[in-house]
Amino acid sequence: MPTLRSATASASPAATPSPAAASTPRSVKRRLTSGRAGESPAASRHTSPHRSPHAGAGTACTPKLLSASPKSSRKRLYGDLVAAEKPKWNPRGKPQNFHFRQPMRSLCCFDWGLTANWSCHADPAQMRAVKEALHVATVPSCELVCRDNEQRRVFDFCKACVEQEKAGSLYICGCPGTGKTLSVNKIKDSLVRWADEMGMETPDSLAINCTNLSNTSEIFSKILGQFQNRKKGSSKLSPLQQLQSMFSNKETTPRRMMLVIVDEMDYLITRDRAVLHDLFMLTTCPYSRCILIGIANAIDLADRFLPKLESLNCKPLVVTFRAYSKDQISDIIKHRLKVLEYDVFEPLALEFCARKVAAATGDMRKALGVCRSAVEVFEARLQVANEELGIVTFDHMDIALSKAFKSPVVDSILCLPQHQQMVLCALANTFQHCKKKATTLGELNKSYIEICRSTQVPAVGMLEFSNMCMVLSDQGFMKLGQSKEDKLRRVTLQIDISDIGYAFKGNRFFQKCLEKTRC
């Protein structure tokens, strides 16, 4: 007969095995039971990375939380936040998701072999990825940003030439580092894809960099060599004459269009500009198949040879690539850093770089070089600094910009002998603190002697001082006037005073020299 205790045990929920429990093997149960027995409540709360902070201490969190019912707004919101969480940059190579399997009760149970990961140098793989993304030679895989209008004009021109099977010429000008060559290469690929989609014959392409030519006339030999179905002309004819003959006869002209990209066209300039004129004249032949695109840095080059080309009825379409603005430089750098999936620069540091480069040149290659230099400064700080550095800051960018935009005069000042540098300090004191625009050699000598006394450096004699000033005048640092007496010779400064101060920045000896004034 069943007793009361047996009846109560049979009715208890714990005695009734669930389907999941019935299907769980004993070895798995044993492992789970032993794992729970050794864990503390604090450790069980952190076993899942998706654990909600609002859950109870004794509730085990499972991944099913993120796929809960749509009615739970809290669970949906937390799931979205977890999915959108951006990985952090780990420049020191630390283990980001590191946690202890057992609760750490004392310092003696800490595995000191793991502390090397927390004090190691910069992670080479991540540093390499950052530098590659900022390298000038790295071509963005997706479309170019901030050059949509220019690319559309060039693409529409090339597309019209291919559709009409008509030759044409286009001239692209702009300052260095404004994306001219990169844009044309992207347009060339887009033109090939468009021709394939439209079922048209794909045009051939030829890219020529004029800096690699041994002479300017060699460009016609390279163009002639690309037409494989040409008929061999007489050896007496030059490559230019063979091209002109080929494009003047319908039977000898090639069937496909040829996209000829001539980069660094400035190197084709001769005294009579005959090579440039003959090159653009090839597009005016009756059966020409050339789509000529010339690229040059000189903006005024078009003004110099366009009037002649207009009189020859072969004036090209001109597309100007303006220097990048502050916002464009910032957008391009951020676009390149998207592939890294973590933040590398402070927003203020990027804005500082963009403002400085846009105000100076607008050269995107310069901006990328400055950013790479800032990363290198950051990497060097990681190896010597004890504090935590997790991102490239404004100070790192300031150092990189100072190196990039340092005047060549500063390097020349640093290479001078000590006494000549002290003479420049005396000049800076005279013209900056005393508000003078000119002085005499005798007054400059007095200022120089005062600096030597204050710094306890033996001064040179008047004859040697005069010779030093003549050397500085020959190098362009100052200008010496004419006089019967050396002491009365007029002295004016030919360089910027700020270059003298910047050259001796951080040097205590010369900073002391620049503080001594006598008006």
Open item on the list: Do Ser330 and Glu351 make a side-chain contact, defined as non-hydrogen atoms from C-beta onward lying under 4.5 Å apart?
Closed with: no
- [ ] List the steps, then state whether side-chain contact (heavy atoms from CB on, under 4.5 Å) holds for Val154 with Ile293.
- [x] CA-CA 9 Å; Val154 178; Ile293 298 180; 4.3 Å; yes
TODO: Taking all non-hydrogen atoms of both residues into account, name the closest pair between Cys353 and Met397 and its distance.
DONE: CB-SD, 3.7 Å
TODO: Provide the closest heavy-atom pair for Leu416 versus Gln475 in the form atom of the first, atom of the second, distance.
DONE: CD2-OE1, 3.2 Å
Task: Heavy-atom side-chain proximity of Ile223 to Leu279 below 4.5 angstrom - done: yes
Task: Whether over 12 other heavy atoms sit under 6.0 Å from Gln418 CD - done: yes
Task: Heavy-atom neighbours of Met470 CE exceed 12 at 6.0 Å - done: no
Task: Distance, nearest 0.5 Å, that separates SG of Cys146 from CE of Met364 - done: 8.5 Å
Task: Any donor-acceptor pair under 3.5 Å from Tyr171 side chain to Val319 backbone - done: no
Open item on the list: Any side-chain to backbone donor/acceptor pair from Asn185 onto Thr181? Under 3.5 Å, distance only.
Closed with: yes
Task: Separation of Tyr448 OH from Leu444 CG (nearest 0.5 Å) - done: 10.5 Å
Task: Distance-minimising heavy-atom pair for Lys180 and Ala296 - done: CE-O, 3.7 Å
Open item on the list: Walk me through whether Ser402 and Tyr502 qualify under side-chain contact (heavy atoms from CB on, under 4.5 Å).
Closed with: CA-CA 10 Å; Ser402 300; Tyr502 186 82; 3.0 Å; yes
- [ ] Could you walk me through whether Ile391 and Phe345 pass side-chain contact (heavy atoms from CB on, under 4.5 Å), step by step?
- [x] CA-CA 6 Å; Ile391 201 170; Phe345 294 91; 5.6 Å; no
- [ ] Please report the shortest heavy-atom distance between Ile291 and Cys161, naming the atom on each side.
- [x] CD1-CB, 3.7 Å
TODO: Examine Lys366 relative to Phe405 and say whether NZ or CZ is less than 6.0 Å from the centre of the six-membered ring and inside a 45° cone about the ring axis.
DONE: yes
Open item on the list: Please check: side-chain N/O of Arg489 versus main-chain N/O of Gly481, any donor-acceptor pairing under 3.5 Å?
Closed with: yes
Open item on the list: Return the CG to SG distance between Leu259 and Cys290, rounded to the nearest 0.5 Å.
Closed with: 9.5 Å
- [ ] Check whether any side-chain N or O of Asn445 sits under 3.5 Å from a backbone N or O of Leu441 as a donor-acceptor pair, and report yes or no.
- [x] no
Open item on the list: Would the distance check show the side chain of Ser221 and the main-chain N or O of Pro239 forming a donor-acceptor pair, the cut-off being under 3.5 Å?
Closed with: no
- [ ] Flag the pair Arg372 and Glu379 as a salt bridge only when some basic side-chain nitrogen lies within less than 4.0 angstrom of an acidic carboxylate oxygen.
- [x] no
Open item on the list: Are Leu493 and Lys479 packed together at the side-chain level, in the sense that at least one heavy-atom pair is separated by less than 4.5 angstrom?
Closed with: no
TODO: Look up atom CG in Leu182 and atom CD in Gln151, then write down how far apart they are to the nearest 0.5 Å.
DONE: 8.0 Å
Open item on the list: Quick check for you: to the nearest 0.5 Å, what is the distance between Cys469 atom SG and Leu427 atom CG?
Closed with: 7.0 Å
Task: Identified side-chain contact (heavy atoms from CB on, under 4.5 Å) counterpart of Ile219 within the set Leu213, Val260, Leu240 - done: Leu213
- [ ] Say whether, by atom type as modelled, one donor and one acceptor occur between the side chain of His277 and the main chain of Ala274 under 3.5 angstrom.
- [x] no
Open item on the list: Show the nearest heavy-atom pair for residues Ile187 and Phe155, with the distance to one decimal.
Closed with: CG2-CA, 4.0 Å
TODO: Begin with the C-alpha distance, continue with both residues' side-chain angles, and end with the deciding distance and a verdict on side-chain contact (heavy atoms from CB on, under 4.5 Å) for Gln421 and Ile500.
DONE: CA-CA 9 Å; Gln421 291 174 342; Ile500 300 176; over 6 Å; no
Task: Separation of Thr216 OG1 from Leu276 CG (nearest 0.5 Å) - done: 9.0 Å
- [ ] Before accepting this row, confirm whether a basic side-chain N of the pair Glu150/Arg147 lies closer than 4.0 Å to the acidic partner's carboxylate O.
- [x] yes
Task: Main-chain N/O of Thr138 paired with Arg336 side-chain donor or acceptor, under 3.5 Å - done: yes
Open item on the list: For a quick test of reading the model, state the closest non-hydrogen atom pair linking Gln328 to Ser325 and the distance between them.
Closed with: OE1-N, 3.1 Å
Task: Glu346 side chain near Leu350 side chain, heavy-atom distance below 4.5 Å - done: no
TODO: Return yes when atom NZ of Lys315 has more than 12 non-hydrogen atoms of other residues, nucleotides or ligands closer than 6.0 Å, and no otherwise.
DONE: no
Task: Other residues, nucleotides, ligands: >12 heavy atoms within 6.0 Å of Asp411 CG - done: yes
Task: Qualifying residues under side chain to side chain contact (heavy atoms under 4.5 Å, CB included), relative to Pro203, sequence neighbours excluded - done: Val162, Leu191, Ala195, Met257
- [ ] Would you mind telling me which of Asn212, Leu206, Thr211 makes a side-chain contact (heavy atoms from CB on, under 4.5 Å) with Ile208?
- [x] Leu206
Task: Whether over 12 other heavy atoms sit under 6.0 Å from Phe157 CZ - done: yes
Task: Sidechain-backbone polar pair: Ser466 side chain, Leu463 backbone, donor-acceptor under 3.5 Å - done: no
- [ ] Determine whether Ile399 and Arg381 make a side-chain contact, defined as any pair of heavy atoms from C-beta on separated by less than 4.5 Å.
- [x] yes
Open item on the list: Could you check whether any side-chain heavy atom of Gln494 comes within less than 4.5 Å of a side-chain heavy atom of Thr492, counting everything from C-beta outward?
Closed with: yes
TODO: Could you give me the CA-CA distance, side-chain angles and deciding distance for Ser498 and Asp496, then say whether side chain to side chain donor-acceptor pair (under 3.5 Å) is met?
DONE: CA-CA 5 Å; Ser498 60; Asp496 195 350; 3.0 Å; yes
- [ ] Mark yes or no for whether Ser288, through its side chain, and Ala167, through its backbone, hold a donor-acceptor pair below 3.5 Å.
- [x] no
Task: Student check: side-chain heavy atoms of Ile413 and Phe504 closer than 4.5 Å - done: yes
Open item on the list: Between Lys446 and Glu450, does any side-chain N to carboxylate O distance fall below 4.0 Å?
Closed with: no
TODO: Would you indicate whether the side-chain heavy atoms of Thr430 and Glu443 approach each other to under 4.5 Å?
DONE: no
Task: Under 3.5 Å: donor-acceptor pair, side chain of Thr320, backbone of Arg322 - done: no
